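Encoded as structure tokens, the structure appears first; notes follow it.
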Amino acid sequence: MKKSCTRFAMVCSLLSLSTSVMAEQLWPDLPQPIKNGISAQTDNMVFVGLGAAGQSFYAMDTASSKPQWKKLADFIGPVPDQATAAAVAGKIYVFSGSGKVESTDKAPVIFDSVYVYDINNNTWSKQNTRTPVGLLGASAYPLNQTEIAIFGGYNKQQFDQYLHAVSTIDKDTEPQKWQQTVTDFMQRAPEDYQWNQAIQIYNTNTNNWSTKGNSPYLANCGAALVGEGERITLISGEIKPGLRTPMVKAVTIKGSQVDWQQLASLPDAANGQLQEGVAGAYAGKNEGALIVAGGANFIGARGKAEQGDWFAHDGLSKHWSEDIYTYRGDKWALASTKLPQGLAYGASFSTPAGVLMVGGENATGKPQSKVYMLRYEQSDVSIID
């Protein structure tokens with residue numbers, strides 16, 4: 001569906017008022033803070049919810065002259081963290097995530113469920129299917145009107161066992177046993193975690209699962225995904241708990257043909273510091289440029305891993321990035337503009353007006369309700385509040 005010229009012109013005229021962060025707020029904040037939630041997009045409409053927002057689910061028309069968030073029907077299942085979602089043919093499909101089946105459970109698990117939100121009827125339902133693998137931290141993309149492609153995802157059996165162990169061992173009375181359980185899990189090499197390497201395909205018409213081959217690279221969780229037609233770009237993400245990668249790759253899927261391509265990696269920081277990569281970054285396209293902002297990592301972890309220390313983030317503090325990168329003409333650039341604060345694990349959407357950033361968490365881990373628009377301007381990025 002095409003946006004009307006009147007609406008598009010109105011959005012552009014508003015954006016022209018600013019070249020940096022505007023004092024007047026043009027994009028409304030969420031009614032409640034959110035992190036580790038889900039997001040989906042259909043034409044002008046963007047949808048966010050779950051995660052730290054609980055069962056709440058919201059939508060906003062980005063082409064409206066006065067965009068506002070609208071609360072939708074509440075989610076009907078156990079609330080998932082870090083689920084993945086995609087919109088196809090008027091419905092939003094929500095896959096996996098982690099949480100407690102019952103509030104009284106001692107430990108969370110990785111869900112293998114699929115829920116569906118019907119946009120026209122404002123209703124939720126549960127699909128009669130199970131995900132073939134754990135999809136916690138995975139990235140989903142609608143290939144067409146019947147198929148959703150899903151990349152990455154934690155190994156359900158391994159992670160469920162680990163979560164149960166660390167949740168049931170009393171850290172105060174058995175500190176050595178608890179720490180040894182954590183160390184045994186965290187010191188494994190990336191391949192040993194057996195994350196989902198295949199491109200999982202869910203057919204919304206038949207309710208069936210299939211695959212379209214495996215990624216030639218290490219599987220990622222928490223990777224940012226930006227799609228255009230048949231081409232999907234996956235940016236950074238984890239290759240094991242606590243360790244990120246700066247690698248960026250693209251995959252083109254045409255029917256049964258799948259072509260992978262490694263793009264230039266995220267550049268080193270302005271001070272020459274080794275690029276760690278980020279998980280939970282915001283990403284989208286504007287004016288032909290790919291914009292990547294924020295995300296979280298452990299500075300120093302990549303260097304330790306390259307020395308063979310696979311518990312690479314042990315003793316390191318988590319870092320929430322304020323950096324913004326742009327990719328155009330096969331080259332990355334570090335924008336002079338920075339986010340108002342380090343942010344990660346929110347939602348992001350590509351719109352004609354710019355890349356919309358929604359929610360996330362800050363350096364204290366606190367969920368946020370802020371909404372920003374990132375706009376590519378003359379090789380740099382402006383931020384509109």
Side-chain angles (χ1 to χ4, degrees), residues 35-36 82 136-139 151-154 182-183 185-193 195 215 217-226 233-250 262-284 290-327 331-346 348 355 357 360-365 374 381:
K35 68 174 183 177
N36 294 331
Q82 298 184 64
L136 173 66
S139 304
F151 304 86
Y154 275 54
V182 173
T183 300
F185 184 78
M186 294 296 178
Q187 68 184 3
R188 302 174 189 174
E191 296 85 352
D192 295 336
Y193 291 89
W195 287 358
S215 167
Y217 312 104
L218 285 171
N220 291 135
C221 293
L225 183 152
V226 178
T233 303
L234 295 162
I235 303 120
S236 205
E238 289 184 320
I239 55 173
K240 60 159 288 179
L243 181 62
R244 279 55 165 160
T245 175
M247 183 182 290
V248 180
K249 56 258 187 185
Q262 185 174 341
L263 307 180
S265 295
L266 291 176
D268 288 342
N271 60 4
Q273 189 175 60
L274 182 70
Q275 174 61 251
E276 297 286 342
V278 287
Y282 305 81
L290 178 63
I291 300 175
V292 179
N297 56 28
F298 293 86
I299 295 175
R302 186 179 166 203
K304 289 174 65 177
E306 290 178 351
Q307 297 298 316
D309 183 358
W310 287 120
F311 194 171
H313 67 296
D314 186 28
L316 301 178
S317 298
K318 195 169 186 177
H319 169 73
W320 284 259
S321 176
E322 302 171 3
D323 291 337
I324 302 174
Y325 299 94
T326 62
Y327 182 77
K331 293 182 179 180
W332 286 100
L334 178 64
S336 62
T337 309
K338 289 184 176 293
L339 297 177
Q341 61 176 331
L343 293 168
Y345 309 114
S348 49
V355 178
M357 285 180 54
E361 71 174 22
N362 64 6
T364 67
L374 307 181
V381 176

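Source: prediction; values computed, not measured. We count residues from 1, following the sequence as given.
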**Prompt:** Yes or no on side-chain hydrogen bond (donor to acceptor under 3.5 Å, both in side chains) for E238 and Y193, after CA distance, side-chain angles and deciding distance?
**Reply:** CA-CA 12 Å; E238 289 184 320; Y193 291 89; over 6 Å; no

**Fill in**
One should read off an interatomic distance between L243 CG and M186 CE, to the nearest 0.5 angstrom, of 11.5 Å

**Prompt:** Out of curiosity, Y282 OH to M357 CE, how far, rounded to the nearest 0.5 Å?
**Reply:** 4.5 Å

**Prompt:** Would you find a donor on one side and an acceptor on the other, under 3.5 Å apart, between the side chain of T337 and the backbone of V381?
**Reply:** yes

**Asked** To the nearest 0.5 Å, how far apart are CH2 in W195 and SG in C221?
**Response** 4.0 Å

**Item:** Partner residues of W310 under the side-chain hydrogen bond (donor to acceptor under 3.5 Å, both in side chains) criterion, sequence neighbours left out
**Value:** none

**Request:** Would you confirm whether S321, through its side chain, and G295, through its main-chain N or O, come within 3.5 Å as a donor-acceptor pair?
**Result:** no

**Prompt:** What heavy-atom pair brings E276 and G300 nearest, and what distance separates the two atoms?
**Reply:** OE2-N, 2.6 Å

**Test applied, side-chain contact (heavy atoms from CB on, under 4.5 Å); reference residue, I235; option that passes from L225, T245, L263, L290** = L290

**Asked** Would you say the side-chain atoms of D268 pair up with the backbone N or O of L274, donor to acceptor, closer than 3.5 Å?
**Response** no

**Asked** To the nearest 0.5 Å, how far apart are NZ in K338 and CD1 in I324?
**Response** 8.5 Å

**Item:** Check against side-chain contact (heavy atoms from CB on, under 4.5 Å), Y217 and I239
**Value:** CA-CA 10 Å; Y217 312 104; I239 55 173; over 6 Å; no

**Request:** Flag yes if more than 12 heavy atoms outside Q307 fall under 6.0 Å of its CD atom; otherwise flag no.
**Result:** no

**Message:** Looking at every heavy atom in both V292 and A283, which two are closest together, and how far apart are they?
**Reply:** CG2-CB, 4.2 Å

**Asked** For G277, does its backbone N or O pair with a side-chain atom of N297 as donor and acceptor, under 3.5 Å?
**Response** yes

**Gap separating the CG atom of D192 from the CD atom of Q187, nearest 0.5 angstrom** = 10.5 Å

**Donor-acceptor pair, side chain of W332 and main chain of A264, under 3.5 angstrom** = yes

**Message:** Rounded to the nearest 0.5 Å, what separates atom NZ in K240 from atom CG in L218?
**Reply:** 11.5 Å

**Prompt:** Where the side chain of Q262 meets the backbone of K249, is there a donor-acceptor pair that is under 3.5 Å apart?
**Reply:** no

**Complete:** When every non-hydrogen atom of L316 is compared with those of A301, the smallest separation belongs to CD1-N, 3.4 Å

**Asked** How far apart are the closest heavy atoms of L374 and A293, and which atoms are they?
**Response** CD1-CB, 3.7 Å

**Item:** Listed once per pair and sorted, the salt bridge (Lys or Arg N to Asp or Glu O under 4.0 Å) pairs that draw on residues 217-226, sequence neighbours left out
**Value:** none

**Asked** What are the two closest non-hydrogen atoms of D323 and Y325, and how far apart are they?
**Response** OD2-OH, 3.6 Å

**Minimal non-hydrogen separation, Y154 against P241, with atom names** = OH-CG, 4.2 Å

**Message:** With a 4.5 Å cut-off on side-chain heavy atoms, are L234 and V248 touching?
**Reply:** no

**Message:** Looking at R244 and R302, would you say the former's side chain and the latter's main chain have a donor-acceptor pair under 3.5 Å?
**Reply:** no

